[in-house]
Chemist: 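Pasting a structure below so you can have a look.
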Amino acid sequence: MCGRATVTNPEGIEEKVYGFSTRFVPTEWRPRYNLNPREDIPVVHVDDSGERSLRLMHWNFVPGHLASREQVMSFDSQYSTFNAKIERAAIAPTFRSAWRKQRCLVVVDGIFEWVGAKGVKTPHLVRRRDRATFAMAGLWSVWRGHDGEELWSCAIMVGPSAEWYLPFHHRMAAILPPASYDAWLDPALTDAAAVEETLKAAPYSHSEHLESVIVSKRINNPRYDAPDCLVPDAAA
DNA sequence: CCAGACGTTGTT
DNA sequence: GTCTGG
DNA sequence: CCAGACGTTGTT
DNA sequence: GTCTGG
């Protein structure tokens, strides 16, 4: 599954790779070594004006139809929508609209997985062998309050793991090959089954492009976000 | 047609 | 145990 | 995802 | 908003 990530080099999210023309990101965008659900994560999507944009979004999908800020806060804290199941998104009430019309790429350069039972869990970082950024299939949403307030949010698609990933988890994020970006992002592609087809190309069904390394248990603490999260702890 | 409901993943 | 917060 | 908190009555 | 149910 995907519940922790890194964006160690925001500048590595390049326009020419992901094809966006507009950026809605902070001028001071510091690297993240320990990025958690319900924090801001970079997303590439086609917005209402048809522009392909890079934007930070709240990593926990919140439906746009909620009537008040209170309902938004309540939904966000009550439900874990930072992942969405590929098998369910087309029909699940929260996701079905976004599945047809509001798909996105969630762009990071690493994701964490924990191996082992509670108490003896070892954190691993999964990243590209070339350390470049990569894109996971996602869904996005925007909630607009009456006073102009906006909450942009997103979920990462997960499905059954490829065999090489099973040591980490039985579910894995849908990592997309660049050739699939356009189809996945295309708002004109609204047929649910056709959408699912665009995820069928599974270049990461093996570990050719990805590797894993053991990292520090410091990563366990979601409040700790520093480069030394990404190196192994000294032997005991 | 209108009224009314309307939410998730993962873990053990 | 369960919820909140990061 | 994991870590850490987890409480009350009354008053302004 | 968008879907379901009557």
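All chains are named by letter (A, B, ...) in the order of the sequence lines, taking the proteins before the strands, and each is independently numbered beginning at 1.
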Chemist: If the cut-off is 4.0 Å, is Lys101(A) near the phosphate of dT2(E), judged by side-chain N/O to OP1 or OP2?
Modeler: yes
Chemist: Which atoms form the tightest heavy-atom contact between Trp140(A) and Ala98(A), and what is the distance?
Modeler: O-CB, 3.7 Å
Chemist: When you check the gap from the basic side-chain N to the acidic O, do Asp228(A) and Arg218(A) get nearer than 4.0 Å?
Modeler: yes
Chemist: What are the two closest heavy atoms between Cys229(A) and Tyr224(A), and how far apart are they?
Modeler: SG-CD2, 3.5 Å
Chemist: Between atom NE2 in His124(A) and atom C1' in dC2(D), what is the gap in whole Å?
Modeler: 16 Å
Chemist: Between the protein and nucleotides 9-12 of chain B, are there any N/O to N/O pairs under 3.5 Å, and if so, what are the atom names and distances?
Modeler:
{"residue": "dT9(B)", "atom": "OP1", "partner": "Lys85(A)", "partner atom": "N", "Å": "2.8"}
{"residue": "dT9(B)", "atom": "OP2", "partner": "Arg88(A)", "partner atom": "NE", "Å": "2.9"}
{"residue": "dT11(B)", "atom": "OP1", "partner": "His169(A)", "partner atom": "NE2", "Å": "2.2"}
{"residue": "dT11(B)", "atom": "OP2", "partner": "His170(A)", "partner atom": "NE2", "Å": "3.1"}

Chemist: Take His124(A) and Phe112(A) through the test ring-ring contact (aromatic ring centres under 6.0 Å, His included) and record every step on the way to the result.
Modeler: CA-CA 6 Å; His124(A) 294 249; Phe112(A) 295 103; over 10 Å; no
Chemist: Rounded to whole Å, please give me the gap between CE in Met73(A) and C1' in dG7(B).
Modeler: 17 Å
Chemist: Less than 4.0 Å between a side-chain N and a carboxylate O, is that true for Glu113(A) and Arg4(A)?
Modeler: no
Chemist: Please measure how far the P atom in dT11(B) lies from the corresponding atom in dC2(D), and state the result in whole Å.
Modeler: 8 Å
Chemist: Using a strict 4.0 Å threshold on nitrogen-to-oxygen distance, state whether Arg32(A) and Asp225(A) make a salt bridge.
Modeler: yes
Chemist: Find the distance Arg96(A):CZ to dG7(B):P and express it as a whole number of Å.
Modeler: 8 Å
Chemist: When you measure from the centre of the six-membered ring of Trp152(A), is the NZ or CZ of Arg55(A) under 6.0 Å away and within 45° of the axis?
Modeler: yes
Chemist: Can you give the dot-bracket line for DNA chain D, where a pair is Watson-Crick or G-U wobble with both atom distances under 3.5 Å, crossing pairs use [ ], and | marks a partner on another strand?
Modeler: ||||||......
Chemist: Quickly work out the Ile91(A) CD1 to dG7(B) C1' distance and round it to whole Å.
Modeler: 14 Å
Chemist: What interatomic distance, in whole Å, is found between P of dG7(B) and the corresponding atom of dG6(C)?
Modeler: 28 Å
Chemist: Just do the side-chain hydrogen bond (donor to acceptor under 3.5 Å, both in side chains) check on Asp76(A) and His58(A) with the steps written out, would you?
Modeler: CA-CA 10 Å; Asp76(A) 186 40; His58(A) 179 78; 2.9 Å; yes
Chemist: Roughly how many Å is it from CD1 in Ile156(A) to P in dC1(D), rounded to a whole number?
Modeler: 13 Å
Chemist: Hey, can you tell me if Trp164(A) and Phe168(A) have their rings parallel, tilted or perpendicular (30° and 60° cut-offs)?
Modeler: perpendicular
Chemist: What is the separation between atom CZ on Phe61(A) and atom C1' on dG1(E), rounded to the nearest whole Å?
Modeler: 11 Å
Chemist: With the stacking rule set at 5.5 Å and 30°, tell me whether His65(A) counts as stacking on dT2(E).
Modeler: no
Chemist: What are the atom names and distances for every N/O pair under 3.5 Å that joins the protein to nucleotides 3-6 of chain C?
Modeler:
{"residue": "dG6(C)", "atom": "O6", "partner": "Arg38(A)", "partner atom": "NH1", "Å": "3.3"}
{"residue": "dG6(C)", "atom": "N2", "partner": "Asn36(A)", "partner atom": "OD1", "Å": "2.7"}

Chemist: I'd like to know if Arg144(A) and Glu149(A) make a salt bridge, using a cut-off of under 4.0 Å between side-chain N and carboxylate O.
Modeler: no
Chemist: Please state the P separation for the pair dT8(B) and dT4(E) - nearest whole angstrom.
Modeler: 13 Å
Chemist: Same cluster for Leu230(A) and Val213(A) if Ile/Leu/Val/Met/Phe/Trp/Tyr side chains link at under 4.5 Å?
Modeler: yes
Chemist: Between Lys16(A) and Glu14(A), does at least one N-O distance fall below 4.0 Å, as a salt bridge requires?
Modeler: yes
Chemist: Using whole Å, report how far CD of Glu87(A) lies from P of dT8(B).
Modeler: 13 Å
Chemist: Taking the same atom, C1', in dT2(C) and in dT9(B), what whole-Å distance lies between them?
Modeler: 16 Å
